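Structure, as structure tokens:
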Amino acid sequence: MKNKTSSLPQEGEARPSRCPDNSAFKQQKLPAWKPQLTIAAVLSSFFLTGVFCLSVGVCLIMSANSVREIQIDYSDKCSDCSKLRENSSNWNKECHCSVNFMLKEDILGDVFMYYGLQNFYQNHRRYVISRSDAQLLGRNVNIQKSYCAPFTTYRNGTPMAPCGAIANSMFNDTIDLFYNLNSSVIQVPLLKTGNSWWTDKNVKFRNPKSYNLSSAFAGTARPPYWQKPVYLLDEEDERNNGYVNDDFIIWMRVSAFATFRNLYRRVRRIRQFADGLPAGNYTFHISYNFPVTKFKGRKHVILSTVVWSGGSNPFLGIAYVVSGTAATLTEDI
Amino acid sequence: MSFFSRNEKKYISRYWKEVKVGDFVQLRCNEIIPADILLLSSSDPDGLCHIETANLDGETNLKQRQVVRRFLELVKFDPLKFTSVIECEKPNNDLSRFQGYIVHKSGKKDGLFKENLLLRGCTIRNTEEVAGIVIYAGHETKALLNNNGPRYKRSKLERQMNADVLWCVLILLIMCLFSAIGHGLWVWQYAEKKKPIFDLPGPDGKYLSPVLASVYLFLTVIIVFQVMIPISLYVSIEIVKICQVYFIHQDKDLYDEETDSQLQCRALNITEDLGQVQFIFSDKTGTLTENKMVFRRCTVSGIEYSHDDNGELMIFFFYLTIEKDITPDPSLLEKVNECAKHLEVMRSHEQPLSHLSPELCDIFDFFIALTICNTVVVTAPNHRLTSGSNSSSSSSLATSKSMHRFGVLSSTSTDSTLLKLEEKLTYSAQMNNNGYSSQQGRTAVGSGPGEGELRYEAESPDEAALVYAARAYNCSLVGRLSDQVSVELPHLGTLSFEVLHTLGFDSVRKRMSVVVRHPLTDEINVYTKGADSVIMDLLLPCSSDDPWGKHQKKIQSKTQNYLNLYAVDGLRTLCIAKRVLSKEEYACWLKSHLEAESSIENREELLFQSALRIEKNLHLLGATGIEDRLQDGVPETIANLRKAGLQIWVLTGDKQETAVNIAYACKLLDHDEEIITLNAESPETCAVLLEQCLQCVESKFSNTTIDEAAGNMTVGFTPLYPPSSPVLSSLGLVIDGRTLAYALEPTLEDKFLALAKRCRSVLCCRSTPLQKSMVVKLVRDKLKAMTLAIGDGANDVSMIQVADVGVGISGQEGMQAVMASDFAIPRFRHLEKLLLVHGHWCYSRLANMVLYFFYKNAMFVALLFWYQFYCGFSGSSMVDQWYLIFFNLLFSSLPQLITGVLDKDVPAEVLITVPQLYKSGQNMEEYKPHMFWMNMIDAMYQSLVCFFIPYFTYYDSDVDIFSWGTPITTIALFTIMLHLAIETKTWTFLHWSSCIFSILLFFFVALVYNASCPVCHPPSNPYWTMERLMGDPMFYFTCIISPVVALLPRYSIFSHLQLGRQLSKLSPQNRTQLLTKLNVRRQTQSFADSFSPSLVSYASDCYKACNQSAPLPTSPQTSESLFQKHPKAEHTTDQTVAASPEGAVLYGENKLPSSASSLERSTGFHEVRHGTSEMESLPVGAAFPWSSAVDQADFSLLKWISSTPLFSRIGTVLQVSSSSLQNEPQDSMCVLGSSLHVDFKGLKEQSSNNLQDKMKGTPADYCKNDNSETTFL
């Protein structure tokens, strides 16, 4: 490159037409930062990462540990009912069972009641799409064009409301919680609204407009597995009935895994439950409708509190601690 | 273009597409010819038509075409009266040939030649109007038949990539098969009666059988996982390559001011091949040299005129067009003037020419021959486009005259009485009347030769050089018509020579001749100009009896001596000779020649024979030496390219002496080198020769004595420079065309290649274009090497097309090479930056991008695959469909493109100063086959992390599928961005902004999409998901930890890399102290400095492993085990140093962690060399001081090494080793080998003098020894 400089066109001269511009971009000489890590920078980067992860991890673990959670598997305790439900012809027979448990300590704060399902593949590809969002918005649409098949219409052409497999397979056990205080049985007051996302309740789900709900759903039929039509989901509360029923909305939010829980009720903090659930003996009264034996599933009912970092799962905290330790160790190596 | 309409009986305008065979077409000046047209009429009085063929061959000089003979006689061509029948050959692609004949109504036949044909694509110049009949039209024209269409080359990297794409397909199929089987089993576990509520029946209410379900699922997941096949990779690569081409275009270092031309990338898809070239095949003329011929020397009548001034002039006025400015040799000029004076006197006294002394006569003839024996066209610069009107102004007179003249000339009569004085008078009268030539001539002379009023356009530059040279001696060519040449002479004025015939140059005859009638003597002279080897054989045999013959013989031998001298100086030599024909001889020859000319079949052969008949018994006038100057910077470029590990072969058509001299001049051959010259007369001798050379070379490589080997080589092996040291110096191979032809026979090509491979440089002389391409093909196919061919002329086209990368020099010899090339550069020296910088960058950028792409796709698809385990292999995806589509398209595409276009692993200056870095491309170090799998494993690891951290975090929670899938998408995006950030070596604001833009774009799209209407995107409905997630601290915690864990291995390796560099940048003082300490200790410990080869190779394996940028959790263990292994090896080799097969000099670098003091580090350097006997014989003691001397010297070296990122990887090793050392005893040795391509010259300079003596001869060897192992300790 002996003549490199001499062959370059002089600045200010009238350049020949074909000479490329001497701009930093075109000559690939843009100011660039070459990461030059010093020992100190590398060590401190590892160290800081490690410290950060460790501290976050400790916080997360502590907060996860502060969560009180009790999980009761009632799929075996109600074996009679489960046998009854194995035969689908008994669909309209009622079956109740009760599960007793004891709280050794108080559960303070907001207590959430979940139902948990195992082995229920709500994330199956064809199951996930089997719904009609337009129908759930209360629009009078032709659900034949939706993904609801085969739960679209009955043979006689009556459309299902709501259509689709998700809605059809809705969890329909009713669970009530009773507090056994000195031989008296007090029903724990539970809130059945306010459990779903606000946007779901107010934007994504709408009942068809009519003077009353039953007329709004006139001309439709309940899904085949349901025991009652959609406008009877909650007869007490008009604003929790039909498509905007919280239990229904929560069920329609398909879970990511085959083992999941859905929020069912919240303990209403009044009277002796103002601080949460006091220690003592409790009983779940379960109206057992949802069959799980077919797919070797299990059903749980879970009472849990919630903290800022989510539930009782300590994994994230552990992950932070482990990776923090790893980063710190890498630095030492 | 006007097209003759029979109906309207006049020319009308038509589109090109309407031109059909048989149409009459009229064209005007500056129009482009629409079809191959037989020229029937021209406005030119002589029936000539000038065309410019730049569109066909790039040559800008004008060519003459002639009206078909019989049509010349017509005063006005009328298409309606055309009744002849034309027969011609079928359409073919040979531009230089056309045969046919025209049968007139009268039954007479005329031959049609290429001079009658106007080819499509050419432009009419200097001729007002021509008319002709279309012979070939459309796709049958020669121009279109020559157009083979674009050639598709696929780069080596792309071929390699395609193999890996196939692996991707295989991985995809395996994943799909796995999913399908999994789904089959999942369906099968639910018996027919117990179908779960979530396993939906089909629309008809029936369940699929497990087998059918798995078949359907197989097809489904192919769609889901199809991102695995990187279709977008091809698009991205195209974009990146276009940008790379743009940047190569814009590099102003590749711009040549002189010619105002810059690099042209004509192939867009092989930029990265520039970074992997192993062999360069170069043309010589015009490529290594300027191809600006300068008349340097001449010898006339055995007297040499050296023209010394020209050499000096050239140095000072290099950028001037020196071929025109020739300083005449004073003595010769004087003689010319004297001669001219004599002539003038003679002419005025009507004396015969023979009174002139033979020498002066020769000089006169010599210059006449220089001036007229060529095909140079004279143009006045301002005259070129307007000459049409000029000629038409005097048309009435000229036409009648030329009619008359042509009548004579074209007559088949051989009657010599036609050549009468009367005719001569006509000419002189015409000369005076013809304003064109005489007028022009006067002005040229009057205004002095320096002003260059006249421009000479020659087909080859040496012709022009000769004409300019003659002009310097006041013998200037002032006009050339088809049948006459006007020469302006001092004192004599303008002489016009009637050109009877021009026997053009061809490569078989290697000469050209003109047959002229001398205006002064009225003799018929043949002037021949050609290669000395042929001319010397055609000279008139002179008996040594008579004094004249003796004199001639002396002149011949003298001339031959000078010619040899010229060749040694690297000059192109030409011999000029003359023959005087008697009228009878001429008449006799003319008869046969005319027969040959008018024959239709076999015309070329007959003309060739005819030329042979006249070019004999020549009288030698003299010889010229024309210098073909080396281009600027060629030796430096060749040296640098060679340092970069490129093997340079020169394939030239020149003769051996010239080629060898040029090779020495451009440092291709070194005077220290041994030159093997292969000149064989027959295939048998060639075979023997090859065998002997090969044996010799083999034996030399195995270190037997050279004397013996050289003794064996009696035929061809000529060690020009006996080696001064027993160390083998490099070899050069020179082979001539004939031998090359034998060597390229299938039986010998392997041997030839084996020999050539051993040689540092190979020079093939006298090779034909076909041979050039055969050599390239041989190397390309047999050695599986990446080849680059560079040339500038039409003779290099085949070579350029055969090579993997064809480079054309947009130089003097037209555009054909450029048209065939992939890259066209203005100068040879630009090759350096093109290869070393742009090639390296393009290769490393693309290789890294391809690998990154594979990683990215695999990582993203693996996320979906892991999910199949948790959704019953049902093919569902937690990532929303729009994210799936946009992830590759929008969110992650821009940063990698920016990195692929702009990343610079090594700055340009370093790449130029350390050409050895180029080897990384040759050895495919950026993208080795296993790197694909390393990246796949890394992708799998990262996707496992990115999947399972969110999975376990949200396990058994009320998370819904998209609230869980969106964080995964985010995590995947962060991870691949950070991955790219680790891979990116230099950061400009474009990198930053692209990364930030991508991430912001993702959030923006996600927020907008999730806030848009809830029913717009069935079946997925992620309404408000992102908004809600962003209010959830868990989202942030997950998104922070997952990329950190995923990239921790890669980052730690990366930072170790960086740390290693830091380590070697310790202040020299500290290090010297530590090193000397260490050395003292080592010597007292009688430290052994030899390694078992296995250990070394093991160490280098380890290095390679560390070299991977993929996470290698095992590498520390590997090195640890190595360290544990080493002390044992040390013990065993302790006593066997001298006997060790591999002489090894050890020098170490050690990091000795001390608990009490601050870090005590010592660096060192260890070198293992293979196979040099000298090192074997060196006692350990002798080798050891050297190593300690290097201690002092190596800091700069180390610093320098570490300043180049490529070498910084060694630092990794260093760091890893030092860290593992903590558990080892302080003085335990850890060895890590790496192949380092280091120029040890710097080392040599800095080592002490006594050591230099000891190491004499070896440093050079170091430079070449690619296998030299460097070990850090």
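As the structure is a prediction and not an experimental result, all values here were calculated from the model.
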For each of B:Thr220, B:Asp956, B:Thr984, tally heavy-atom pairs with chain A at distances under 4.5 Å, and name the one with the top tally. B:Asp956

Charged N to carboxylate O below 4.0 Å: is that the case for B:Asp903 and B:Arg845? no

If one checks every heavy atom of B:Thr953 against chain A at 4.5 Å, the contacting part turns out to be both

Atom OG in A:Ser323, atom CD1 in A:Ile318: separation rounded to 0.5 Å? 11.5 Å

Between B:Tyr870, B:Phe952, B:Tyr1051, B:Tyr867, the one whose heavy-atom pairs under 4.5 Å with chain A are most numerous: B:Phe952

Which bit of B:Lys195 is near chain A, if near means a heavy-atom gap under 4.5 Å: side chain, backbone, both or neither? backbone

Could you look at B:Tyr951 and say if it's the side chain, the backbone, both or neither that has a heavy atom under 4.5 Å from chain A? both

What part of B:Val1045 gets within 4.5 angstrom of chain A, counting heavy atoms only: side chain, backbone, both, or neither? side chain

Could you check which of A:Gln118, A:Arg261, A:Lys294 has the highest count of heavy-atom pairs closer than 4.5 Å to chain B? A:Arg261

If we ignore angles and hydrogens, is there a donor and acceptor under 3.5 Å between the side chains of A:Asn195 and A:Arg266? yes

Would you say the side chain of B:Gln868 lies within less than 4.5 Å of the side chain of B:Trp186, judging by non-hydrogen atoms? no

For A:Leu137, is it the side chain, the backbone, both or neither that has a heavy atom under 4.5 Å from a heavy atom of chain B? side chain

Is the shortest distance from a Lys or Arg side-chain nitrogen in B:Asp253 or B:Lys833 to a carboxylate oxygen in the other one below 4.0 Å? yes

With a 4.5 angstrom heavy-atom cut-off, which part of B:His830 approaches chain A: side chain, backbone, both or neither? neither

At a heavy-atom distance under 4.5 Å, which candidate from A:Thr199, A:Thr259, A:Val128 has the highest pair count against chain B? A:Thr199

Cut-off 4.5 Å, heavy atoms of chain B, and the answer for A:Leu60 is side chain

Engaged part of A:Phe25 at the chain B interface, taking heavy atoms whose separation is under 4.5 Å: both

Which atoms of B:Leu200 approach chain A - backbone, side chain, both or neither, heavy atom under 4.5 Å: both

Where do B:Asp256 and B:Arg827 land on the salt bridge (Lys or Arg N to Asp or Glu O under 4.0 Å) test, with the steps shown first? CA-CA 7 Å; B:Asp256 187 55; B:Arg827 299 256 152 202; 3.5 Å; yes

Check each atom of A:Phe295 against the heavy atoms of chain B and say whether the ones under 4.5 Å are side chain, backbone, both or neither. both

Go through the steps to decide whether A:Tyr114 and A:Glu69 satisfy the test side-chain contact (heavy atoms from CB on, under 4.5 Å), and finish with yes or no. CA-CA 11 Å; A:Tyr114 298 87; A:Glu69 182 175 305; over 6 Å; no

With chain B, which of A:Asn262, A:Val203, A:Ile250 has the greatest number of heavy-atom pairs at distances under 4.5 Å? A:Val203

Salt-bridge contact A:Arg126-B:Asp199 (side-chain N to carboxylate O under 4.0 Å): yes

Contact part of B:Tyr246 toward chain A, heavy-atom cut-off under 4.5 Å: side chain, backbone, both or neither? side chain

Please classify the contact between B:Ser877 and chain A as side chain, backbone, both or neither, with a heavy-atom cut-off of under 4.5 Å. neither

Chain B heavy atoms under 4.5 Å from A:Ser130: which part of the residue, side chain, backbone, both or neither? side chain

Is the ring pair B:Phe198/A:Tyr121 parallel, tilted or perpendicular, if the boundaries are 30 and 60 degrees? tilted

Cation-pi, B:Tyr1023 ring and A:Lys204 (6.0 angstrom, 45 degrees): no

Side-chain donor-acceptor pair present, A:Ser169, A:Tyr127, cut-off under 3.5 Å: yes

Evaluate the side-chain proximity of B:Pro1033 to A:Ser309: yes if any heavy-atom separation is below 4.5 Å, no if none is. no

Taking B:Leu217, B:Ile1040, B:Asn1021, B:Thr986 one by one, which has the highest count of heavy-atom pairs under 4.5 Å against chain A? B:Asn1021

Check each of A:Phe290, A:Phe171, A:Phe257 against A:Phe120 using the ring-ring contact (aromatic ring centres under 6.0 Å, His included) test, and report the only one that passes. A:Phe290

Is the ring pair A:Phe260/A:Trp251 parallel, tilted or perpendicular, if the boundaries are 30 and 60 degrees? tilted

For each of B:Val901, B:Val1044, B:Thr988, B:Asp1032, tally heavy-atom pairs with chain A at distances under 4.5 Å, and name the one with the top tally. B:Thr988

With a 4.5 Å cut-off on heavy-atom pairs, point out which of A:Ala149, A:Ser255, A:Ala258 contacts chain B the most. A:Ser255

Are B:Arg829 and B:Val634 close enough that some pair of their side-chain heavy atoms sits under 4.5 Å apart? no

Just wondering, do A:Ser304 and A:Val67 contact through their side chains at under 4.5 Å, heavy atoms? yes

Chain A contact via B:Phe948 - side chain, backbone, both or neither, heavy atoms under 4.5 Å: backbone

Using non-hydrogen atoms and a 4.5 Å limit, figure out which bit of A:Gln135 sits close to chain B: side chain, backbone, both or neither. neither

Taking B:Leu254, B:Ile949, B:Leu902 one by one, which has the highest count of heavy-atom pairs under 4.5 Å against chain A? B:Ile949

Can you check side-chain contact (heavy atoms from CB on, under 4.5 Å) on A:Val254 and B:Asp960, steps first, answer last? CA-CA 5 Å; A:Val254 293; B:Asp960 70 281; 5.6 Å; no

Structural part of A:Thr49 lying under 4.5 Å from a heavy atom of chain B: side chain

Do you know which of B:Glu1027, B:Lys904, B:His991 has the most heavy-atom pairs under 4.5 Å to chain A? B:Lys904

Is it the side chain or the backbone of A:Gln27 that comes within 4.5 Å of chain B heavy atoms, both, or neither? side chain

Under 4.5 Å from any heavy atom of chain A, what part of B:Phe1054 do you find: side chain, backbone, both or neither? side chain

Side chain, backbone, both or neither: which part of B:Trp964 has a non-hydrogen atom closer than 4.5 Å to chain A? side chain

